[in-house]
Amino acid sequence: MKRFATKLLTAVLLAMFLFVGTQGFAQTINIALANNPISQALNKLAKEKYKAAGVTVNIAVLPENDLRQKLTTEASTGGTSYDMFFIGPYEAASWAKNGWLENLEPYFKAMPAAKLTAYDRPDLIQGMVGSLAVKGQSYALPFYGESSFIMYNKELFAAKGLTMPAEPTWDQIYDLAKKINDPAKGIVGMTMRGAPGWGMSGAPFVTIVNAFGGKFYDMKWNATVDTPEQRAAWAMYKKVLRDAGQPDILSYTYNECIALMQSGKAGIYYDATSIAPALEGAGSKVQGKVGYAMAPHQKMMTNTSWLWNWAMGINPKSSDAKKKATFDFMVWATSKEYAKMSVDLDPTGSSTPPAARTSTYALPAYSKTPYAAMTVKALKAMDFTKPTIDPVPYVGLQYIAIPEFADAGTQMTQFLADYVVDKITLDEAIKKTNDVFNQVAVDGGYRK
Amino acid sequence: MKKKNDWPFILPAIFVVAVMTQVPFLLTVVYSTLRWNLARPDMPIVFSGIDNYLFFLKIPDFTVVPEFYSIVLQTIIVTVVALVICTVIGFLFSILLDHPIPGVNIARTLIMGPFFVMSTVTGVIWKTTILNTTFGWYGVLAKSIGLAPVDLLSYYPLPVIIFLFCWQWIPFFVLIILAGLQGISGELVDSMRIDGLNWWQSTFRVKLPLIMNHIRVAVMLGLVFIVKEFGLILVTTAGGPGTRSYTLPYQVYMQIFSASNVGRAGALATMTVVLTLLAVNFVSKSMKKNNL
């Protein structure tokens, strides 16, 4: 009996070792995504549908501001907690130059011809691909893209007998928002991101600055925040939100704005085109009742929206096997099949990555969505390289494409928040921001 | 029996303590003298002397208070006010819980609750489910009695932060002060009663002096914990609006994780350590001097 027990124990232990051994060969790739509806859909679909032999995909969904800080620290210090970087064009440009992103061309060269044809690289929207490439070499694949536009609640507009112009100015938006605003009934005239952060309130705010004819630097890299154009833009942002915006202005990220708009209690919402699907999805009270208009202009007549995409790049410090597994996952997530699968799963289109592939807009179910036409129009209207009326030494629509902007832009939005809730005056906010941008020009060696 | 040659045995311990605590600090001091931005690997890392310190300390314009000084002031306000409230309320709660009434053990356990909740979770709960003016209890209650709720986190960030610190740290003070009260011998309590001391006299003239050591420990530890508290600020106000609820540790975090500026973060961290040590020393000395 004792002998049998010993044998049994040995067998069990051996089996356990073998189990652990085979587990050891499996690759786990770690991915962090930004917390927005389309990434959440990817998280869900990846768990249910993604099958690759010996590969486990481990996905974390983080708030956007946290994700940015985590990945920047990870990339700059050569960490390997994440195998895939979920980034945008702002990061892609400088990270590729710094060697923080793997060049994807060798991976495409190694791809079997049949697979490459099925993936159809030319089908990816070229503006998006271009914003992620350095010298024609791709460093990240666009998962989904966005511009910005106006979304408005048609029911609330009809109830007050108002109409939204197809191409409104900020003054018109302000008037409309004030007319819709009705605190007694809990109706908010206009909602917009108020939480500080360069990619949070900074995104709509910088497009307002561009629209009012403002700029951040002259051609010699002198900060130009203290101009009448900038002052008008700062005042407009405050005016809209204080006179007709959500009550807790500063705690609103786009997630709160979406929730408010979905609840039917907001008249106008200025944000990313990629947010429209969430408003038209199941569970939204404004499904089918949302109208769309171009991003507001003012002094600058066109190109007053933003360009962004969420893209996938490979961490060059990961092991070769993990890099390959990550690349395969990226190809799957940015493929035509993924777009089709997401539409099949959710015909409202709210899980489908927009503005990454031309073919997505040819999918029968997707092309009928109420926002498809306006999204394509908004994407065609923007020019990444000419953000302002006057010539400037930088590119980028809702940001300045220099590494220091992440911090300077965040500080700017903090001063903006201070100004919006009357903690400081406009003069102080403008002066502090101007000082920050001048400091950046000196620290970063831009001003010669 | 003391041997002459037994000192090598403590070397491993010294080594571990040095590596764990002193080496990182010394490295921070070294970093604080460098011009080093992680986001700009194309720019060389160069020695810059005390430039990083001057960046924070300089006063370019005497009409405007530089950011650094207002952040130091905010840190002091948050810490001192939270410490005072925690000590006073902690003491009062302890007296309440020192009575052998039915269910006192349940009450003691319940009052510990906030201490066991992670500070980030505390922050999220208070921010979204309670203080939010649209979805939170506060907003719903205020609206139901016909008031327009004010966004407390944006307009009164410091009082809210102080309140949350107190909510979280009072249990810790109760824990230590109650332990002191429980340590007072039953004989002493009996003799106080026989001598005819009233509640006021027995609490503040006899018990309070007896547990002063416990209070001192609670204040010291509380000071160190509250100064470095950071998660709660991150998830509630994120230092905002603007920098109106920044504390020094939060500013260090932003310098390294938002600005990627190793040199400036190092300088700021070094100054934070120095200021905290000075504060601990000052509090400790003044409590001893006043025979507290």
Side-chain angles (χ1 to χ4, degrees), chain A residues 63 65-66 68-70 72-73 75-77 94-95 97-100 183-184 186 188 194-198 200 246-252 256 259-260 263 265 402-411 413-424 428-429 431-432 435 439 443-445, chain B residues 35-44 48 51 55 60-61 63-67 70 124 127-128 131-136 138-139 142-143 146 148-157 234-246 253-264:
Chain A
N65 281 349
D66 294 347
R68 288 219 167 88
Q69 289 178 358
K70 264 212 169 86
T72 309
T73 312
S76 60
T77 57
S94 57
W95 289 20
K97 279 184 208 135
N98 295 343
W100 299 347
V188 169
W198 73 267
M200 199 49 78
Q246 66 267 11
D248 335 44
I249 299 171
L250 306 184
S251 57
Y252 269 58
E256 285 80 9
L260 188 67
S263 72
K265 296 204 165 171
I402 55 173
E404 289 84 356
F405 183 74
D407 182 49
T410 299
Q411 289 191 53
T413 55
Q414 288 173 335
F415 299 136
L416 179 69
D418 252 356
Y419 161 63
V420 166
V421 298
D422 295 326
K423 294 274 174 191
I424 55 174
E428 284 175 83
K431 182 179 180 325
K432 284 180 169 184
D435 288 349
Q439 183 79 42
D443 284 351
Chain B
R35 196 194 72 189
W36 182 7
N37 188 335
L38 282 175
R40 292 292 300 272
D42 54 320
M43 289 178 81
S48 65
D51 278 4
F55 174 77
D61 177 358
T63 55
V64 194
V65 182
E67 229 35 8
S70 41
V124 171
K127 180 188 177 184
T128 54
L131 294 178
N132 187 299
T133 61
T134 313
F135 314 109
Y138 157 75
K143 277 179 199 154
V150 180
D151 179 15
L152 295 174
L153 280 169
S154 301
Y155 292 94
Y156 306 100
L234 177 73
V235 296
T236 49
T237 62
T243 51
R244 293 291 72 78
S245 60
Y246 267 53
Y253 164 81
M254 287 303 281
Q255 278 297 329
I256 186 72
F257 290 102
S258 172
S260 304
N261 202 320
V262 180
R264 282 181 193 158

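These numbers were taken from a predicted model, which means no experiment stands behind them. Residue numbering restarts at 1 for every chain, and letters A, B, ... go by the order of the sequence lines.
- Closest of all the heavy-atom pairs between B:P41 and A:W100 is CG-CZ2, 3.7 Å.
- Interface residue B:E67: only side-chain heavy atoms are found under 4.5 Å from chain A.
- Neither the backbone nor the side chain of A:E256 comes within less than 4.5 Å of any heavy atom of chain B.
- Interface residue B:S258: backbone and side-chain heavy atoms are both found under 4.5 Å from chain A.
- At a 4.5 Å heavy-atom cutoff, B:L153 makes no contact with chain A through either its backbone or its side chain.
- Checked by atom type and distance alone, the side chain of B:R40 pairs as donor or acceptor with a backbone atom of A:G444 at under 3.5 Å.
- With a threshold of 4.5 angstrom between heavy atoms, A:Y252 approaches chain B through side-chain atoms but not through N, CA, C or O.
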Inset, instruction - Test side-chain contact (heavy atoms from CB on, under 4.5 Å) on A:V421 and B:R244 and set out the steps. - result: CA-CA 11 Å; A:V421 298; B:R244 293 291 72 78; over 6 Å; no

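- Only the side chain of A:Q439 comes within contact range of chain B, judged by heavy atoms closer than 4.5 Å.
- Interface remark: A:W198 contributes no atoms to any contact with chain B (heavy atom separation under 4.5 Å).
- Using a 4.5 Å cut-off between heavy atoms, A:D443 touches chain B through backbone and side chain atoms alike.
- The number of heavy atoms from other shown groups lying within 6.0 Å of OH (B:Y156) does not exceed 12.
- Using a 4.5 Å heavy-atom threshold, the side chains of A:D248 and B:N132 count as touching.
- A:Q69 and B:F257 make their closest contact through CG-O, 3.5 Å (heavy atoms, listed as atom of the first residue, atom of the second, distance).
- Of the atoms belonging to A:T413, not a single heavy atom falls under 4.5 Å from chain B.
- Here the side chain of A:K423 pairs a donor or acceptor atom with the backbone of B:Y155 at under 3.5 angstrom.
- Neither the backbone nor the side chain of A:S94 comes within contact range of chain B, judged by heavy atoms closer than 4.5 Å.
- Annotation: maximal heavy-atom pairing with chain B below 4.5 Å, among A:K265, A:K97, A:K431, A:Q414, occurs at A:Q414.
- Atom OG1 in B:T237 sits 10.0 Å away from atom CG in A:L250 (nearest 0.5 Å).
- Of the atoms belonging to A:P247, heavy atoms from both backbone and side chain fall under 4.5 Å from chain B.
- Comment: B:R264 does not engage A:D407 in a salt bridge, judged by the lack of any side-chain N to carboxylate O separation of less than 4.0 angstrom.
- Smallest separation of non-hydrogen atoms from A:T72 and B:S260: CG2-OG, 4.0 Å.
- Residues A:D418 and B:P241 share a closest heavy-atom pair of OD1-O, 2.8 Å.
- Not counting sequence neighbours, B:D151 has no partner by the salt bridge (Lys or Arg N to Asp or Glu O under 4.0 Å) test.
- Residue B:K127 touches chain A through its side chain alone, counting heavy-atom pairs closer than 4.5 Å.
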